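Single-structure report; data block below.
Index from 1, following the sequence. Since this is a predicted model, take the numbers as computed values, not measurements.
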Amino acid sequence: MKSKFDREIEERFVRYARIDTQSDEKSATSPSTKKQYDLLNLLVNELKEIGAQDVTLTDYGAVIATIPATVKNSAPTVALLAHVDTAPQFSGTGVKPIVHRDYDGRDIVLPDDPSRVLSPKELPYLGKKAGDDIITASGTTLLGADDKAGVAIVMTFARHLLSNTNLPHGPIRIGFTPDEEIGRGVHANLPVDLKADFAYTLDGAALGEVVYETFSADGAKVKVQGVSIHPGWAKDKLVNALHLAAKIIDTLPQATLTPETTDGRQGFIHVVSMNGTAASAEINLILRDFERDGLQGHGELLRKVCAAVQAGEPRAHITCEITPQYRNMRYWLEEDMRPVELMREACRQAGIEPFSIPTRGGTDGSRLTEKGLPTPNAFTGMQEIHGPLEWVSLQDMSRATEMCIKLAELWSIAGTAPAEHQTDRRKATTDAATLVDWSG
């Protein structure tokens, strides 16, 4: 279904997608890459041009602005957020967005690499989008719909509210964050700086998706210290750290509890990397589950495997360090479901049927919710993210914009925020340098 927002959304999204904003997990700066400022600074200027107030670029690289209330009641302050960075997993340099107008339902061959094909036979959601305008990259880069679709939606939403002051809404805060893809989108100061009672990330997928359940996540680092000696004189002396690391990986479940063998509400243990030498080796893993007990169980299993391998070779030294990353936002949102229910109602008023399924990943909203700012996640239309087959429907983005406008109106009549949400974001204290793998 075509929308009055289609043209603006397309112009913004295509322009933003061409800007390389890939983040870098190896960098210690915030943002992790200077090129993210190319888009951040552009957004600062565009927000000022459309009349937003209090436009600020923080010292940690977040853009924050205000849309003043048009109602006189004490409506809660609501923030809409999107992240500017793209995933490090695939090239984001030289993105060439292609708009496939009035998609005819057939395969889409990407011109710069014809071996890459979007087929509705393999991508059922694409098959439902006949007649929509589909935006892809050219085949050699990702598209960056994650999350420049969200950025384009929020900017179009902001421009529309600021141009139509007759529309009822309470105070709105706009936020654009860096480094979400490497887990550093929620700086320790962000909840305080947003000054919001409730928030939404625009970082979801299919039309109508209302996300209030995410994985809970831990990271694990296993270190193996062997015994190094010249291989020519190694008999009965050498303890090969790589062999022991491989044994740990081989002892972990292979037919269950891995990403490739689980779905739905099943959690997993995922070996991300192994590196080292015969003298010492390191294994990096991520642990995921929707429930606290399940996540704890994954950690206990990993420790037991490490202990068993250690017992078999007492000359080695094996350590297993597990670090909390983020928690399922449902743990807090289920105590006050208003942000979720209002988003569902906003969908219905925009003619969209809402649905909710657990998300097998995380968002900035996971951390914000844990830190005291309830932040469910809203759809944008993005599909096949983090790779060359990434695509998005222009009409899905426009419908998300329409939903956000309805959402702002609903909050203006929803009453004041509960006292526990109105202040004390300062209680949220998290090390800004903590790395979180939101992608899994």
Side-chain angles (χ1 to χ4, degrees), residues 4-5 47-48 50-56 62-82 150 153-176 190-202 210-212 329 332-352 354 356 364-365 368-369 371-379 399-428:
K4 65 181 180 181
F5 296 114
L47 283 166
K48 291 178 178 178
I50 63 176
Q53 295 183 5
D54 310 319
V55 182
T56 304
V63 175
I64 299 174
T66 301
I67 301 175
T70 58
V71 296
K72 295 182 179 180
N73 63 350
S74 55
T77 299
V78 177
L80 266 62
L81 307 167
I153 291 163
V154 173
M155 283 298 299
T156 303
F157 162 83
R159 195 278 311 156
H160 184 74
L161 289 195
L162 288 164
S163 300
N164 295 272
T165 55
N166 59 310
L167 295 175
H169 61 82
I172 305 290
R173 295 284 275 170
I174 300 298
F176 299 113
L190 182 63
V192 177
D193 292 341
L194 279 173
K195 301 176 183 176
D197 299 301
F198 301 95
Y200 296 87
T201 50
L202 273 294
V210 175
V211 176
Y212 68 95
M329 63 172 70
W332 294 272
L333 286 173
E334 63 188 359
E335 296 176 3
D336 182 357
M337 288 288 282
R338 282 190 302 161
V340 175
E341 294 301 336
L342 285 175
M343 180 158 50
R344 287 172 172 163
E345 179 59 24
C347 285
R348 295 186 186 100
Q349 291 192 16
I352 301 163
S356 296
D364 279 347
L368 285 168
T369 300
K371 289 160 70 69
L373 179 57
T375 310
N377 188 34
F379 70 91
R399 301 299 300 282
T401 306
E402 294 167 2
M403 183 278 293
C404 289
I405 294 166
K406 294 290 186 182
L407 184 60
E409 180 180 355
L410 288 171
W411 272 114
S412 74
I413 57 176
T416 58
E420 63 268 24
H421 291 160
Q422 288 182 353
T423 53
D424 247 343
R425 309 294 176 216
R426 290 175 178 79
K427 291 182 180 178

What distance do [X] atom [atom1] and [Y] atom [atom2] have between them, rounded to the nearest 0.5 Å?
X      : Y      : atom1 : atom2 : value
Met329 : Leu373 : CE    : CG    : 11.0 Å
Leu81  : Phe176 : CG    : CZ    : 9.0 Å
Ile405 : Leu410 : CD1   : CG    : 12.0 Å
Leu47  : Thr66  : CG    : OG1   : 10.0 Å

Do [X] and [Y] have side chains that get closer than 4.5 Å, going by heavy atoms?
X      : Y      : result
Asp54  : Arg173 : yes
Leu368 : Pro191 : yes
Asp364 : Thr375 : no
Ile352 : Phe379 : yes
His160 : Thr156 : no
Pro374 : Asp197 : no
Tyr200 : Cys404 : no
Gln53  : Pro68  : yes

Matching residue for Glu341 among Glu345, Met337, Arg338 - test: side chain to side chain contact (heavy atoms under 4.5 Å, CB included)
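Exactly one pass, corresponding to Met337.
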
Carboxylate-amine/guanidinium contact Glu402 Arg399, below 4.0 Å:
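Yes, this pair counts.
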
Can a donor-acceptor pair be found, under 3.5 Å and without considering hydrogens, that links the side chain of [X] to the backbone of [Y]?
X      : Y      : answer
Thr401 : Phe157 : no
Tyr212 : Pro339 : no
Thr70  : Asn166 : no

